[in-house]
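Everything numeric here is computed off the predicted structure, so don't read it as measured data. We name chains A, B, ... by the order of the sequence lines, and we start the count at 1 in each one.
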There are 2 protein chains.
Amino acid sequence: MDICEQKCINEKNVQETAKTIPKKEIIEQMVDIFKALGDPTRLTIVLALLKQEHCVCDIAVLCNQTDSAVSHQLRILRTMKIVKNKRKGKSIYYSIDDDHVVSLINMSLDHVQH
Amino acid sequence: MDICEQKCINEKNVQETAKTIPKKEIIEQMVDIFKALGDPTRLTIVLALLKQEHCVCDIAVLCNQTDSAVSHQLRILRTMKIVKNKRKGKSIYYSIDDDHVVSLINMSLDHVQH
DNA sequence: TCCTCATTTGAACAATTGTTCATATGTTAA
DNA sequence: TTAACATATGAACAATTGTTCAAATGAGGA
């Protein structure tokens, strides 16, 4: 905040606002969620699972992607606790594991369609 | 959906879900919003402007970034209609231009702090 | 037990993205 | 009109990210 002294700062306003900005870690966590949803493949996966659970190869078909590509993205979504999985016979079924994400998606849908 | 015939598809479920997935363009637009918020500098900018309008160099201080870097990111946010700007004397003041984004951010804050 | 098949993994590559630096623009105030 | 200053821009670079391909797991069913 005081790196360079000859700045055009409205010192007071900057200080005011600075107080309201969340901590770096909080921001990083928010960024991570937005990043997770900020990719067409991953968003499509989540949109699909919003309807019902699916196995990896079905998701691949729904996304028009390789099983492998989908698996990579599912790992990311799993790591972020956005989806969870369970085995059923030979296949592994993925489903949504986070209600907040559902709200985020509905809200962005609203925004796009408004 | 029918590229490869020997898939382990639950044909029925896939068809069902396919109907509920938004069009490609819609998905792209949603992705763009999430991408816009999925960067620490841009998210910090938006969080700052949530409190009050600021000029570029004040934002730069708040983000610990170069005026130039901030300017680049502001252009992206402006293009996406997330922020708007107006001149006041020598400086250009930026502010939030999209209420949906405010909701998105509050929701992700919720999620992180849960 | 062994074979099959769905899923995962790792490395490599291509593409996208953010920041930096130098420079350009354009408005204000003298 | 001009000098000073805030902001914007473009090119270059580094870093991150997504997809592909080949190969490895590992559980289920024969």
_Atom-to-atom span, CG of B:L74 to C1' of C:dT19 - whole angstrom_ = 14 Å

*A:H54 NE2 to C:dT7 C1': how many Å, rounded?*
17 Å

*asked:* I need the CD1-C1' distance between A:I92 and C:dT8, as an integer number of Å.
replied: 8 Å

*Taking CZ from B:R78 and P from D:dT9, how many angstroms apart are they, rounded to a whole number?*
6 Å

*May I ask whether A:I76 and A:I59 are part of the same hydrophobic cluster, defined by side-chain heavy atoms of I, L, V, M, F, W, Y residues being less than 4.5 angstrom apart, directly or through others?*
no

Name the pairs: protein N/O against N/O of nucleotides 21-28 of chain D, kept only if under 3.5 Å.
from	atom 1	to	atom 2	distance (Å)
D:dC21	N4	A:S68	OG	2.6

If you restrict it to nitrogen or oxygen atoms, what contacts under 3.5 Å exist between nucleotides 14-17 of chain D and the protein, and what is each distance?
from	atom 1	to	atom 2	distance (Å)
D:dT17	OP1	A:K35	NZ	3.4

*ring pair (Phe, Tyr, Trp, His ring centres under 6.0 Å) contacts in which one or both residues fall within residues 79-106 of chain A, not counting sequence neighbours*: A:H100-B:H111

*At under 4.0 Å, does any side-chain N or O of A:Q73 touch on OP1 or OP2 of D:dT19?*
yes

*Are A:C63 and A:I45 side-chain neighbours, meaning at least one heavy-atom pair lies under 4.5 Å?*
yes

*B:N85 and B:V56, any side-chain heavy atoms less than 4.5 Å apart*: no

*asked:* So A:H72 and A:R75, do their side chains get closer than 4.5 Å, heavy atoms only?
replied: yes

Less than 3.5 Å apart, which donor and acceptor atoms pair up between the side chains of residues 29-41 of chain B and the rest of the protein, not counting sequence neighbours?
from	atom 1	to	atom 2	distance (Å)
B:D39	OD2	B:T41	N	3.1
B:D39	OD2	B:R42	N	3.0
B:T41	OG1	B:Q65	NE2	3.4

_At 4.0 Å (heavy atoms only), tell me whether A:Y94 reaches a base, stays on the sugar-phosphate, or touches nothing._
sugar-phosphate

*Evaluate the side-chain proximity of B:I96 to B:V101: yes if any heavy-atom separation is below 4.5 Å, no if none is.*
no

*Quickly work out the B:I9 CD1 to C:dC5 P distance and round it to whole Å.*
16 Å

*Distance in angstrom units between A:L77 CG and C:dT8 P, rounded*: 12 Å

*asked:* Taking side-chain hydrogen bond (donor to acceptor under 3.5 Å, both in side chains) as the definition, give me every residue that meets it alongside A:K88, ordered by chain and number, with sequence neighbours left out.
replied: A:E53

*Across the strands shown, which category fits A:S91 at heavy-atom distances under 4.0 angstrom: base, sugar-phosphate, nothing?*
sugar-phosphate

*Residues within residues 23-33 of chain A bordering DNA chain D, heavy-atom distance below 4.0 Å*: none

*In whole angstrom, what separates A:I59's CD1 from C:dT7's C1'?*
11 Å

_Would the distance check show the side chain of B:D97 and the main-chain N or O of B:I82 forming a donor-acceptor pair, the cut-off being under 3.5 Å?_
no

*Working to the nearest 0.5 Å, report the span between CD1 of B:I27 and CG of A:L109.*
9.0 Å

_Side-chain N or O of A:T41 closer than 4.0 Å to phosphate OP1/OP2 of D:dG18_ = no

_Side-chain (A:R87) to main-chain (A:K90) donor-acceptor, under 3.5 angstrom_ = yes

_Between C:dT27 (P) and B:K86 (NZ): distance, integer Å_ = 18 Å

*asked:* Just checking B:E25: does its CD atom have more than 12 heavy atoms from other residues, nucleotides or ligands closer to it than 6.0 angstrom?
replied: no

